[in-house]
Amino acid sequence: MPLMGNMPFRRLRSGLLALLILLIPALVPAQESGVRLRTVVIDAGHGGHDPGAISKFSKLSEKQINLDLALRLGAKIEKEYPDVKVIYTRKTDRFVELAERGNIANRNHADLFISIHVNSAGSSAASGTETFVMGTDKSRSNMEVCKRENAVILLEDDYSTKYEGFDPDNPESYIIFNLMQNAHFEQSIAFAALVQQQFIKNGPIKKSRGVRQAPLMVLWRTTMPSVLVEVGFLSNSSDRTLLNQAINRQKIADDIFRAFASFKKQYDAGGGSFTIDESALATPDDPAEEEETVAATPAAPAGPHFEIQILASKTKLKDNSPELKGEKQVQCRFINGFYKYSVGNFSTREAAAKQLPTVKRKFSGAFIIAVD
Ligand SMILES: [Zn+2]
């Protein structure tokens with residue numbers, strides 16, 4: 001090859017070599033850690049015909065505040081981290097199904113999913129921020145958040161098949177989450193703790209309800225660290241006043257941004273290993289709902305297992321009640337104001353599933369429950 005001996009080419013070749021040598025130190029850390037945070041999905045909760053929380057005292061509804069915060073947060077990340085891809089589940093006032101929000105994150109191989117919401121409660125005294133990760137902590141206030149944030153699926157078409165029969169208003173429905181393994185639990189907790197730390201430190205709403213777990217549909221199927229941030233209560237006058245001001249919404253977006261920045265730093269450096277700051281984790285301010293177990297006939301089997309629930313009743317049924325259809329080996333538990341009747345004692349869900357069709361012939365609404 002005549003060109004091989006050519007001086008300009010040799011110079012070019014050695015120049016390339018020098019360039020490569022220069023680049024190698026920069027490349028090594030990324031290769032060592034393997035993973036870097038490259039894509040973040042920002043999910044503005046609700047939208048379109050689903051306004052989320054509303055208050056007659058607020059000039060903005062939840063969906064508007066969520067979108068405003070999402071856009072502010074996204075803009076900041078785009079500006080400070082041009083190499084990070086920011087994807088929004090919505091950038092306008094439109095309806096997006098809960099499952100689709102997670103799908104958007106999964107399709108784009110996102111490394112972090114941040115869902116932004118505003119809280120609301122029956123009591124106007126409830127205030128402060130909280131960040132949720134997917135989990136099955138059974139405290140009552142979490143259940144309220146779950147019902148409210150999951151209820152939107154009732155506005156979607158054909159929700160019962162899409163969400164495998166899940167009914168956001170039925171506590172029994174949440175049992176499907178008990179068997180779920182969340183591979184990104186630790187990372188989700190780490191990011192949630194960083195968000196809460198920023199809120200506590202910089203406000204504008206400094207009262208923290210901490211990091212919590214809840215079975216939230218929007219976080220259910222995401223395959224990356226995922227959190228749902230409740231930035232304050234629209235039902236509380238002090239929180240509401242702050243949320244209605246653009247300057248405070250910018251502060252909240254900045255808080256989440258700083259949490260993102262430190263999460264990304266740890267994520268890129270450690271390739272997924274995180275130190276969790278325990279001080280940021282919540283001890284729920286209201287104790288878990290008491291579940292009264294009434295005397296069962298016969299004694300309820302001990303230890304975690306599966307049963308098939310056949311019916312629920314507001315009143316306690318007699319053993320020979322026609323509603324029990326002659327069923328004798330029935331467990332009865334009083335939970336959330338209902339007497340719940342179940343049959344069987346299966347060590348695995350599969351075993352219960354085998355028996356389910358037989359039970360359904362007598363009790364068409366029967367379903368499997370997990371019992372601790
Ligand atoms: Zn919401």
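Indexing begins at 1, ligand by ligand and atom by atom, following the structure's order.
T131 has its side chain out of reach of L228: every pair of non-hydrogen atoms, C-beta onward, lies at least 4.5 Å apart.
For the ring-ring contact (aromatic ring centres under 6.0 Å, His included) condition, the pairs that include at least one residue of residues 91-120, sequence neighbours left out, are H46-H117, H49-F95. Evaluation of the salt bridge (Lys or Arg N to Asp or Glu O under 4.0 Å) test over residues 101-122, restricted to residues two or more places apart or in two chains, returns D43-R101, E100-R107. For residues 236-250, the set of pairs meeting the salt bridge (Lys or Arg N to Asp or Glu O under 4.0 Å) definition, not counting sequence neighbours, comprises D68-R249.
The closest donor-acceptor contact from the side chain of K63 to the backbone of G48 lies under 3.5 Å.
In this structure, the ring of Y81 has its center less than 6.0 angstrom from the ring center of F260.
Only protein N, O or S atoms were considered, and those under 2.8 Å from the Zn ion (ligand 1) are H46 NE2, E62 OE2, H117 ND1, E149 OE1, E149 OE2.
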